[in-house]
Amino acid sequence: DEVNAGALADHLSKINDERKTMVATIMREVNKNFEHKKLEGELSDVIVVGNPDWKPGVLGLVAGKICDEYNRPVFVWGAGGDARPNAEGGREGLKGSCRSDGSVSVMDLMSATPESFLKFGGHELAGGFSVSHEEVHFLEEKLSAIYKKIRNDFVKEKDLHDAVLSLSRVDMKEWNEISALAPFGLGNKKPLFLFERVLVKDLKLFGKEKNHLEIILADDTSGAKKAIAFFAGHDSFEKPIVKGERINLLASFDLSRFAGRTELRLRIVGVK
């Protein structure tokens with residue numbers, strides 16, 4: 001029925017707009033709180049952030065956005081303002097969602113500290129959990145403490161790149177072929193490429209707070225190509241990035257559509 005379908009569509013659209021507003025509000029709060037930590041180099045290897053007023057239904061979206069922006073595993077918790085007593089007279093546990101940047105399995109992280117959680121589950125890139133009001137204050141410290149060992153074991157098991165490319169392959173034809181493989185996720189990860197001994201022609205920080213990195217690259221087969229990393233600097237990777245030097249770059253293709261302008265670039269994953 002067209003009338004009924006229209007009413008349902010309007011209702012879904014309203015719910016979706018409300019959820020977008022909630023996520024945007026939470027992200028403003030998160031970025032404001034993290035800005036000082038980022039500038040001072042105080043962000044932990046694993047981010048744990050939350051607020052009792054945040055609704056559990058949007059925490060997965062928030063965790064994904066934080067993970068994308070800060071390039072590290074993220075655990076986000078909330079309660080939607082709900083602190084009901086449970087059957088034993090205590091409060092219900094806080095609920096949360098977690099996402100991985102691909103450097104580690106969140107299931108491995110949670111399995112290594114089972115005493116920190118009331119419940120948890122998921123797969124290597126995403127999961128859900130519940131945690132007590134008392135334990136949540138120690139969660140970031142505990143997860144960060146075991147991150148490096150878990151990460152090293154995880155990386156050893158993975159083939160870090162899908163192919164070695166020259167910069168001349170960074171074009172819309174290649175992007176369209178890669179896009180045909182989407183959607184990307186568990187079991188179909190976004191392709192990563194290794195660009196060997198590319199020359200750093202220039203680098204700069206951009207953004208309102210000058211906290212994102214842009215480098216201009218060239219090799220023997222191509223002119224200048226752009227690569228970016230959000231919330232990163234020249235020394236954020238295994239090898240510092242220095243103008244005039246050559247690096248081995250691990251990156252994925254990234255199509256930006258900012259302010260009505262379409263631009264193909266590389267998203268930096270690692271530098272050696």
Side-chain angles (χ1 to χ4, degrees), residues 14-107 109-123 125-147 207-209 211-212 230-232:
K14 180 181 177 182
I15 292 173
N16 191 44
D17 288 343
E18 289 173 351
R19 186 166 66 166
K20 286 180 181 178
T21 299
M22 277 189 266
V23 171
T25 300
I26 292 173
M27 285 304 299
R28 282 195 295 270
E29 182 179 341
V30 168
N31 289 328
K32 182 179 179 181
N33 291 337
F34 282 5
E35 198 57 47
H36 174 72
K37 287 186 177 183
K38 182 64 182 179
L39 291 174
E40 299 297 324
E42 296 175 355
L43 279 179
S44 300
D45 288 329
V46 179
I47 291 175
V48 178
V49 63
N51 186 315
D53 292 328
W54 295 353
K55 294 184 180 297
V58 299
L59 298 184
L61 295 171
V62 172
K65 285 184 174 294
I66 297 174
C67 184
D68 286 343
E69 289 192 21
Y70 291 89
N71 297 309
R72 61 198 69 205
V74 176
F75 287 69
V76 182
W77 57 267
D82 187 7
R84 294 172 298 174
N86 59 26
E88 289 74 35
R91 287 181 296 177
E92 291 283 351
L94 300 163
K95 296 179 181 179
S97 290
C98 51
R99 297 292 184 270
S100 173
D101 61 337
S103 66
V104 71
S105 164
V106 289
M107 278 300 295
L109 282 174
M110 293 187 286
S111 296
T113 55
E115 72 283 356
S116 297
F117 300 93
L118 298 174
K119 295 179 182 178
F120 64 86
H123 53 75
L125 295 180
F129 62 91
S130 60
V131 60
S132 71
H133 291 253
E134 293 73 29
E135 191 65 30
V136 73
H137 299 292
F138 308 102
L139 193 57
E140 183 170 275
E141 181 181 358
K142 288 184 176 181
L143 292 174
S144 294
I146 63 168
Y147 168 78
K208 183 178 179 181
E209 304 296 332
N211 53 357
H212 309 310
F230 292 112
F231 297 96

Has the side chain of [X] got a donor or acceptor atom that lies under 3.5 Å from a matching backbone atom of [Y]?
X      : Y      : result
Ser144 : Val46  : yes
Ser130 : Lys119 : yes
Arg72  : Ser44  : yes

Which heavy atom of [X] sits nearest a heavy atom of [Y], and at what distance?
X      : Y      : answer
Lys142 : Glu135 : NZ-OE2, 2.6 Å
Tyr70  : Leu43  : CD2-CD1, 3.6 Å
Asp101 : Pro73  : OD1-CD, 3.6 Å
Asp45  : Tyr147 : CB-CD2, 3.4 Å
Gly78  : Pro56  : O-CG, 4.3 Å
Val131 : Val136 : CG2-N, 3.8 Å

Inset, instruction - Quick one: do Val48 and Phe138 satisfy side chain to side chain contact (heavy atoms under 4.5 Å, CB included)? Show the steps, please. - result: CA-CA 9 Å; Val48 178; Phe138 308 102; over 6 Å; no
Would you tabulate the side-chain donor-acceptor contacts of residues 14-22 under 3.5 Å, counting partners in other chains and residues two or more places apart, or write 'none'?
from	atom 1	to	atom 2	distance (Å)
Thr21	OG1	Asp17	O	3.0

In Å and rounded to the nearest 0.5 Å, what is the [atom1] to [atom2] distance from [X] to [Y]?
X      : Y      : atom1 : atom2 : value
Asn51  : Leu94  : CG    : CG    : 10.0 Å
Cys98  : Leu139 : SG    : CG    : 9.5 Å
Arg99  : Ile47  : CZ    : CD1   : 14.5 Å
Met110 : Ser105 : CE    : OG    : 7.5 Å
Thr113 : Phe120 : OG1   : CZ    : 7.5 Å

Inset, instruction - Let me see the working for Ser100 and Leu125 under side chain to side chain contact (heavy atoms under 4.5 Å, CB included), right down to the final yes or no. - result: CA-CA 5 Å; Ser100 173; Leu125 295 180; 4.2 Å; yes
Legend entry - Parallel, tilted or perpendicular: ring planes of Phe129 versus Phe75, cut at 30 and 60 degrees: tilted
Legend entry - Test side chain to side chain contact (heavy atoms under 4.5 Å, CB included) applied to Ile26 and Ile66, Val76, Val58, Leu61, the passing residue: Val58
Legend entry - Beyond-backbone contact of Trp54 with Val30, side-chain heavy atoms, under 4.5 angstrom: yes
Legend entry - Ser97 side chain reached by Trp77 side chain, heavy atoms, under 4.5 Å: no
